[in-house]
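We count residues from 1, following the sequence as given. Model, not experiment: these values are computed from the prediction. Both counts, for ligands and for their atoms, begin at 1 and track the order of listing.
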Amino acid sequence: MQVYLDNSATTPLLPEVAEAMKPYWSEKYGNPSSPHSLGVECERALTNCRMYLAQLLGVNHQELIFTSSGTEANNLAILGFAYNQRKPGHIITTSIEHLSVLNVMNHLSEQHQWQISYLPVNKQGLIDLKQLEAEIRPDTCLISIGLVNNEIGTIQDLASIGQIVKKYNQQQQQIVLHVDAVQAFGHIPLDIKKNNIHLLTVSGHKIFGPKGSGLLYCDHKVRLQPLFFGGGQENGLRSGTENLPAIIGFTKACQLAMEEYNSRLSQLKLWYNQLLEHLTEIPDHFINSPTNGSPHIINIGFIGIKSEILVHFLEAKGIYVSMGAACSGRRQSISHVLQAIGLTPEQAGASIRISLSPFHTRDEIEYAGKIINETVNEIRSIYQ
Ligand SMILES: Cc1ncc(COP(=O)(O)O)c(C=O)c1O
């Protein structure tokens with residue numbers, strides 16, 4: 001049996017999504033900018049996707065920019081905003097962001113004299129809201145927060161963060177709130193307007209949609225500078241012929257995620273609890289995920305076991321888990337997230353990330369729980 005438990009890294013394409021995309025590869029292949037009927041048909045499809053997503057997110061269709069990934073949307077949100085300012089300012093983010101945020105922040109501070117404050121987190125991965133407020137200075141113009149952490153599943157208190165941003169903006173300061181919702185979309189409720197979000201990032205391949213698809217919501221009051229220039233597609237913010245098959249697939253994946261929201265969430269919770277029950281029977285374990293985190297992520301360590309060894313032993317038995325974020329998971333370095341929540345290098349090096357999908361079967365979860373338990377014991381008997 002194979003059990004894929006790395007759904008935070010990526011998810012398989014749903015058959016309905018693949019089906020929706022199919023005609024756009026070879027039959028409806030027009031360029032949405034072309035004046036003839038093939039192009040017009042594709043432009044219409046593109047507009048329909050944008051209108052549908054705008055309605056789903058409760059925003060205006062002109063505020064949506066299709067991108068190639070969550071990474072690109074994060075780059076466009078942060079760099080696009082910063083490059084549009086007259087002079088470098090101050091940004092607040094957290095120490096546990098995805099690298100597509102952290103490395104952009106490094107770039108801005110090293111190459112463009114921006115000042116960046118990285119909020120620490122507690123053992124649960126939560127920022128301190130008082131500290132967030134304390135960091136706000138007269139030149140703070142952007143706050144960038146990952147709503148659900150991709151390694152441990154912590155859910156930040158978005159409602160309170162949104163209220164803080166609103167309060168300062170009512171006092172004549174202009175702070176833009178960017179939310180990286182790549183791991184949140186489809187897993188927790190998201191209200192853009194209610195939470196005073198100005199910029200929001202979503203990625204297609206984390207929600208059973210195609211790779212190469214992403215979305216940035218940008219409030220019409222916020223001005224961004226494009227990162228690349230050309231034909232002026234996407235309101236001039238993302239030149240390049242639109243990847244229509246990916247956009248069609250992304251839209252279908254979003255539609256299914258919303259239509260099946262409640263059933264998927266209750267399935268996820270079921271698998272989460274069932275697997276956790278097995279895992280907590282394993283001696284000398286420690287759970288790194290908070291108890292009230294997103295139910296698709298369990299980060300767990302086993303004392304004395306190197307995560308790299310465990311991942312490969314499990315893989316040989318058909319269980320796919322990861323050591324941390326996929327983009328850094330093959331590197332030997334210690335996870336910045338696990339470090340930030342206070343783990344020692346040994347603890348961090350003994351931790352794995354298990355990320356679930358709603359589409360497992362009871363047998364899969366039973367098998368995974370049993371095999372992980374057996375494998376931890378097996379490795380302990382070999383190496384101790
Ligand atoms: C929180 C978070 N933000 C951004 C990204 C980047 O998304 P993409 O893989 O679509 O570039 C990821 C991917 O793992 C993520 O988990």
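Taking any N or O of Asp180, backbone or side chain, at least one lies under 3.5 Å from an N or O belonging to ligand 1. The N/O atoms of Gly70, backbone and side chain alike, include one that comes under 3.5 Å of an N/O atom in ligand 1. Considering backbone and side-chain atoms together, Ser100 places no N or O closer than 3.5 Å to any N or O of ligand 1.
At a heavy-atom distance under 4.0 Å, no atom of Glu72 approaches ligand 1. The proximity of Lys206 to ligand 1, defined as any non-hydrogen pair under 4.0 Å, is limited to the side chain. Proximity of Thr201 to ligand 1, defined as any heavy-atom pair under 4.0 Å, is not found for any part of the residue.
A distance-only check finds a donor-acceptor pair linking the side chain of Asn299 to the backbone of Glu151 [under 3.5 Å]. A side-chain donor-acceptor contact under 3.5 Å links Asn75 to the backbone of Thr71. Panel note: side chain Trp271, backbone Pro358; a donor-acceptor pair is recorded below 3.5 Å.
Legend: residues meeting side-chain hydrogen bond (donor to acceptor under 3.5 Å, both in side chains) with Gln255, ordered by chain and number and at least two apart, are Glu259.
Using a 4.0 Å cut-off to heavy atoms of Ser203, the atoms of ligand 1 that qualify are 8 (P), 10 (O). For ligand 1 and Asn150, the ligand atoms under 4.0 Å from any heavy atom of the residue are 16 (O). For ligand 1, the atoms closer than 4.0 angstrom to any heavy atom of Ser69 are 10 (O), 11 (O). The contact set between ligand 1 and His205, taken as ligand atoms under 4.0 Å from a residue heavy atom, comprises 8 (P), 9 (O), 10 (O). For ligand 1 and Asn74, the ligand atoms under 4.0 Å from any heavy atom of the residue are 3 (N), 4 (C).
When every heavy atom of Tyr272 is checked against every heavy atom of Ser294, the shortest pair comes out as CE1-O, 4.3 Å.
Contact between Lys211 and ligand 1 is absent, with no heavy atom of the residue lying under 4.0 Å from the ligand.
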task: Could you walk me through whether Leu279 and Ile282 pass the side-chain contact (heavy atoms from CB on, under 4.5 Å) test, one step at a time?
output: CA-CA 6 Å; Leu279 297 174; Ile282 302 174; 4.2 Å; yes
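Between Asp139 and Arg137 there is a salt bridge, with a side-chain nitrogen of the basic residue lying less than 4.0 Å from a carboxylate oxygen of the acidic one.
Each ring-ring contact (aromatic ring centres under 6.0 Å, His included) pair with one or both residues in residues 178-208, not counting sequence neighbours, appears once here: His187-His296, Phe208-Phe359.
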